[in-house]
Participant: 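Structure incoming, see below.
All values below were derived from every heavy atom in this structure, side-chain atoms included, with hydrogens, water molecules and symmetry-related copies excluded. Numbering of residues begins at 1 and proceeds along the displayed sequence.
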Amino acid sequence: MHITTIGNANSTAVNAPARGSSAESTRIRSDVDAARNTALSALNNDRFRVMLEQISDPGASGALATMNSDDQNVVDFNTALSRYAENGK
């Protein structure tokens, strides 16, 4: 899977026309810029890309939707939480 961005990914606040810059419009432009930067960061993140590939697989997405696993390696909640914490570092 290859993800490409379409259009101009430059800052909204820099490119927006000056239409009476109120505090609210400045905040909205800032929020849009933050959302755009977060989305671009996620698209360029290899772990996120791998996760997208895994969940786009029909077999995996079906198991995910039903919260079932094809294999019988069942992990208890505390072990899963511990592994999640280890991977987050």
Side-chain angles (χ1 to χ4, degrees):
M1 175 188 298
H2 179 71
I3 301 172
T4 58
T5 57
I6 299 172
N8 188 353
N10 292 331
S11 172
T12 303
V14 172
N15 296 326
R19 294 182 287 186
S21 181
S22 69
E24 181 69 10
S25 63
T26 301
R27 184 191 63 77
I28 291 170
R29 282 193 302 268
S30 177
D31 290 348
V32 168
D33 287 339
R36 178 181 292 114
N37 290 336
T38 301
L40 287 173
S41 175
L43 290 174
N44 293 320
N45 184 312
D46 284 337
R47 290 176 68 187
F48 185 78
R49 179 189 52 79
V50 169
M51 183 270 310
L52 281 178
E53 289 174 356
Q54 289 174 349
I55 65 172
S56 65
D57 174 48
S61 61
L64 182 61
T66 59
M67 297 303 285
N68 290 331
S69 176
D70 290 338
D71 56 0
Q72 297 301 318
N73 297 330
V74 178
V75 177
D76 66 285
F77 178 74
N78 288 332
T79 303
L81 190 60
S82 174
R83 289 180 184 168
Y84 181 77
E86 289 173 5
N87 289 333
K89 292 180 181 178

Participant: In Å and rounded to the nearest 0.5 Å, what is the CE to CG distance from M51 to D46?
Facilitator: 12.5 Å
Participant: For N44, check side chain to side chain donor-acceptor pair (under 3.5 Å) against everything at least two apart and list the hits.
Facilitator: none
Participant: Hey, are E24 and R27 close enough for a salt bridge, meaning a charged N less than 4.0 Å from a carboxylate O?
Facilitator: yes
Participant: Mark yes or no for whether S41, through its side chain, and N37, through its backbone, hold a donor-acceptor pair below 3.5 Å.
Facilitator: no
Participant: To the nearest 0.5 Å, what is the distance between CG on L40 and CG on N45?
Facilitator: 12.5 Å
Participant: Is D33 paired with R29 through a side-chain N to carboxylate O contact shorter than 4.0 Å?
Facilitator: no
